[in-house]
Amino acid sequence: METPLVEIIAISVPEQFMMALFAWVILGKKETARFRNVLFVGLFAALFFRILQMLLGSYVYTMIPQVLIFAALIYFLYRVNVLESVVSCLVTMIIFAAIQGAMFNILCLWTGLTEAEFKEENLYLLFFAIQYFIVIGAIVYVIYRLDINIRYLGKKNVKKHYVSRIRFLILQLIFAFLQLIIIYTIVVRNIEFLYSQENLLLVILAVIITITFTALVVKSVIKMGEHIQREEEQKRQYDGREIIQNINYLYSLVEEKRYDELKSVLESIKDDINSGMIRITNKANK
């Protein structure tokens, strides 16, 4: 079935732009990637999505290629690493799928229309688009104001145990995204199935559980950065106390004129630096 022009103009193009903007904000790229890159990502994503729809037809078949293309656009145009592009893409897709799916299914249930009937009515599409982008815009604004981001993924010195946890979170994000798509597709494509009160209750329960699980996974991705930052602050405090203790010790050696011991301590520090035990990246400081 040919995609209605109103759906392309009112939903697809603005949605891809909002997704590009959302990824730009949560990546913390406001200082490094220009806003025009957001426009390029949104424009190219909408174009590729339209081509995929024409070639593959069903939204279900375009889902995985769309995710891969969007992640690739983020990687090249925002100039991030693979981990950043994958996580930001999945978080963006999950949040947009959760909001769009919930609102779309509620509107279908409220009007009693199937997916095909709903998309044939331009008035319903415009009404949905307005409500949808108001909700998305509010979320993007809050995230921007609170500076909620996953900037920590761009660090090259993230510890191994955190990298393992991030990889596990990526698997959870993929699972949550696929589960959302499957549940919402079942609801929209089988609207008659919901005429039974028991079936309707089961579907609603499945949606609530999935959204709750998804929210917890996304929260874990965001919180990971706070854990890493807190650990770095504790390490800096510990290193600072250790430096002060060493300075006090050297000072006491000077005060007591124990120069042989002072020389031995300084040579020990020099050996640690030369062996790489103490890392100094700036050669001048070394």
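Please read these numbers as outputs of a predicted model, since none were measured by experiment. Residue numbers run from 1 in the order of the sequence given. Computed from heavy atoms alone, side chains included, the values below leave out hydrogens, waters and symmetry copies.
Within the model, atoms OH of Y144 and CG of N149 stand 12.5 Å from one another, a figure rounded to the nearest 0.5 Å. If you take CG on L178 and CD1 on I94, they are separated by 9.0 Å, rounding to the nearest 0.5 Å. Rounded to the nearest 0.5 Å, atoms CE (M19) and CD (Q100) are 9.0 Å apart. The structure places CD1 of I150 at 4.5 Å from CD1 of I26, a figure rounded to the nearest 0.5 Å. L39 CG to R36 CZ: the interatomic distance, rounded to the nearest 0.5 Å, is 10.0 Å. The structure places CD1 of I136 at 10.5 Å from CG of L21, a figure rounded to the nearest 0.5 Å.
Looking only at side-chain heavy atoms (C-beta outward), K29 and R79 stay at 4.5 Å or farther from each other. Looking at W24 and I74, their side chains never come closer than 4.5 Å, going by heavy atoms from C-beta outward. You'll find the side chain of Q16 stays beyond 4.5 Å of the side chain of R50, heavy atoms only. Within the 4.5 Å cutoff, the side chain of R34 has heavy atoms near those of the N37 side chain.
For the side chain to side chain contact (heavy atoms under 4.5 Å, CB included) with C89, the qualifying choice from F70, Y75, F177 is F70, the only one to do so.
Of all the heavy atoms in V41 and L73, the pair that sits closest is O-CD1, 3.8 Å. Nearest heavy atom pair, residue E15 against residue Y132, reads OE2-OH, 2.7 Å. When all heavy atoms of A71 and S85 are compared, the closest pair comes out as O-CB, 3.6 Å. When every heavy atom of V140 is checked against every heavy atom of M18, the shortest pair comes out as CG2-CE, 4.2 Å.
Criterion: ILVMFWY side-chain heavy atoms under 4.5 Å apart, direct or through other members. Under it, V80 and I148 are part of a common hydrophobic cluster. If you chain together hydrophobic residues whose side chains sit under 4.5 Å apart, F128 and I134 never meet in one group. Note on V135 and V142: same hydrophobic cluster, where clusters join Ile, Leu, Val, Met, Phe, Trp and Tyr whose side-chain heavy atoms are under 4.5 Å apart, directly or indirectly. Tracing side-chain contacts under 4.5 Å through hydrophobic residues (I, L, V, M, F, W, Y), one reaches L68 starting from F76; they form part of the same cluster. L43 and V67 fall into different hydrophobic clusters, where Ile, Leu, Val, Met, Phe, Trp and Tyr residues are linked whenever their side-chain heavy atoms come under 4.5 Å apart, directly or through other members.
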Report the C-alpha separation of Q66 and M93 in whole Å, then their side-chain angles, then the decisive distance to 0.1 Å, and conclude whether the side-chain contact (heavy atoms from CB on, under 4.5 Å) test is met.
-> CA-CA 10 Å; Q66 183 185 10; M93 290 288 185; 4.1 Å; yes

Evaluate the side-chain contact (heavy atoms from CB on, under 4.5 Å) criterion for residues L83 and I170: first the C-alpha distance (whole Å), next the side-chain angles of each, then the deciding distance (0.1 Å), finally the verdict.
-> CA-CA 9 Å; L83 201 59; I170 291 175; 3.6 Å; yes

Worked verdict on I139 versus F22 for side-chain contact (heavy atoms from CB on, under 4.5 Å) = CA-CA 9 Å; I139 292 175; F22 183 90; 4.2 Å; yes

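In this pair, F40 and F44 present their aromatic rings parallel. The plane angle is below 30°, not in the 30 to 60° band.
When atom types are taken as modelled, the side chain of Y78 and the backbone of A20 share a donor-acceptor pair closer than 3.5 angstrom. For the pair E84 (side chain) and N81 (backbone), a donor-acceptor distance under 3.5 Å is present.
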